[in-house]
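Numbered from 1 within each chain, the chains take letters A, B, ... in sequence-line order.
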Amino acid sequence: MRIQADHFDMIQIAESGQCFRWSRQEDGSWSIPFRDKCLIAEQKGDNLIFECTEEEFDSYWKKYFDMETDYGMMEKTGLSLKDPFLERALHFGSGIRILRQDFWETLISFLISQNNNIPRIRHSIEKLCDREIFPSPGEILMKDLTDCRLGYREKYLREASKWMIEYENGNQKSELSGIMGVGPKVEACVRLYGLHELNFCPMDTWMKKIVAEDYHEIMPDWMHSKYAGYYQQVCFYYKRMAQAGGKK
DNA sequence: CTGCAGGCCCTTA
DNA sequence: TAAGGGCCTGCA
């Protein structure tokens, strides 16, 4: 099926650092796994082509791509803050969306992401998966994780798996932050990307860099706003691309 | 060789 | 309660 959409750029979404398993095919299309399905998708301008039926898109992928959220409104709200850096970032990364990813996969992915780099994060996650399917907590506990090259993070994944099994059994007394290896940054990522709590703004090295270099060490107002997570994502992408393009 | 990558844990003062 | 060292690993 084929649709037209604003605020939707597959390259920007794939490179915005929120997801680690989108992969580009030789023909330029994207392979997009989510839970037990995998979608082949392609973009030409604002034309989006999805290899699935309209029913399947409406009942499954539409939510994943967060098609119900009004990005135009969030952009407008951001622009009204009259913040020059945010303004540039919103224009630069206008195709970014906050995907509604699987909570469990997000938790594990961002546990792996700490003190780590993107290629290695992707490699670890790929090794963790069995034929494109992300493992359940029980499967992670059973699995030999040597090939995943997790280093000291391996015990964090096991602790998280035990926590998740308790959580699924209805025992919700423990908080996310109670999991070994989940600090403020990882928790914010899980809440933003895995629970779609758009007010959470992960403070990573890039955000600190932005606050230092672009805001003279003074936290901008938007970091405390309702859509802080979305603005963070856009600024993160803008800053990272500016540096990647700026140095050669 | 050292530094570093979207941090966090643990110890110390 | 704030600061700082150590940590798996791979790549530049």
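- Pairing for B:dG6 is absent, with no Watson-Crick or G-U wobble pair whose two atom distances lie under 3.5 Å.
- Here A:Tyr193 lies in heavy-atom contact (under 4.0 Å) with a base.
- Projected onto DNA chain B by closest heavy-atom contact, A:Asn117 and A:Met180 fall at different nucleotides, the more 5' of which corresponds to A:Asn117.
- In this pair, A:Trp206 and A:Phe236 present their aromatic rings perpendicular. The plane angle is above 60°, beyond the 30 to 60° band.
- Separating the CD1 atom of A:Ile121 from the C1' atom of C:dG10 is a distance of 12 Å, rounded to the nearest angstrom.
- Nucleotides of DNA chain B nearest to A:Trp206 and A:Val182 differ in position, and the one nearer the 5' end is that of A:Trp206.
- Relative ring orientation between A:Phe85 and A:Tyr215 is described as perpendicular, the plane-to-plane angle rising above 60° on a 0-90° scale split at 30° and 60°.
- Counting non-hydrogen atoms under 4.0 angstrom, A:Thr146 reaches nothing in the nucleic acid.
- Going from atom CG of A:Leu192 over to atom C1' of B:dG6 covers 12 Å, rounded to whole Å.
- The partner of B:dT11 is C:dA3, by the rule that a Watson-Crick or G-U pair needs both atom distances under 3.5 Å.
- The A:Pro202 side chain lies nearest to B:dG6 when the options are B:dC8, B:dG6, C:dC8.
- For the pair A:Leu150 CG and C:dC7 C1', the interatomic distance rounds to 14 Å; values are reported in whole Å.
- The distance from atom CD1 of A:Ile112 to atom C1' of B:dG7 is 14 Å, rounded to the nearest whole Å.
- To the nearest whole angstrom, the two P atoms, one in B:dG6 and one in C:dA2, are 27 Å apart.
- When heavy atoms are screened at a 4.0 angstrom cut-off, A:Pro119 is found touching no nucleic acid atom at all.
- OP1 or OP2 of B:dA5 has not a single side-chain nitrogen or oxygen of A:Arg120 nearer than 4.0 Å.
- For a distance-only test at 3.5 Å, the side chain of A:Tyr156 fails to qualify as a donor-acceptor partner of the base of B:dG7.
- Between the C1' atom of B:dC8 and the CE atom of A:Met203 lies a distance of 16 Å, rounded to the nearest Å.
- The minimum heavy-atom distance linking A:Phe92 with A:Gln12 is given by the pair O-NE2, 3.2 Å.
- Ranking C:dT9, B:dG6, B:dC8 by closeness to the A:Arg149 side chain, first place goes to C:dT9.
- Residue contacts for A:Phe236: at a heavy-atom cut-off of 4.0 Å it reaches a base atom on one of the strands shown.
- Summarising the geometry, the separation between CD1 on A:Ile118 and C1' on C:dT9 is reported as 16 Å, rounded to the nearest angstrom.
- For the pair A:Arg122 CZ and C:dG10 P, the computed distance is 17 Å after rounding to whole Å.
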Would you sort out whether A:Lys185 and A:Asp204 count as a salt bridge (Lys or Arg N to Asp or Glu O under 4.0 Å), showing the intermediate values?
CA-CA 6 Å; A:Lys185 159 63 167 60; A:Asp204 56 33; 5.0 Å; no
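- The main-chain N or O of A:Asp66 is found under 3.5 Å from a side-chain atom of A:Arg97 such that the two form a donor-acceptor pair.
- The distance from atom CG of A:Asn115 to atom C1' of B:dG3 is 12 Å, rounded to the nearest whole Å.
- Contact annotation for A:Glu187: no contact, since no heavy-atom pair falls under 4.0 Å across all strands.
- Using a 4.0 Å heavy-atom distance criterion, A:Gly17 is classed as a base contact.
- Note: A:Trp61 and A:Tyr64 have perpendicular aromatic rings, judged against thresholds of 30 and 60 degrees for the angle between ring planes.
- Nucleotides C:dC8 and B:dT11 have their P atoms positioned 15 Å apart, rounded to a whole Å.
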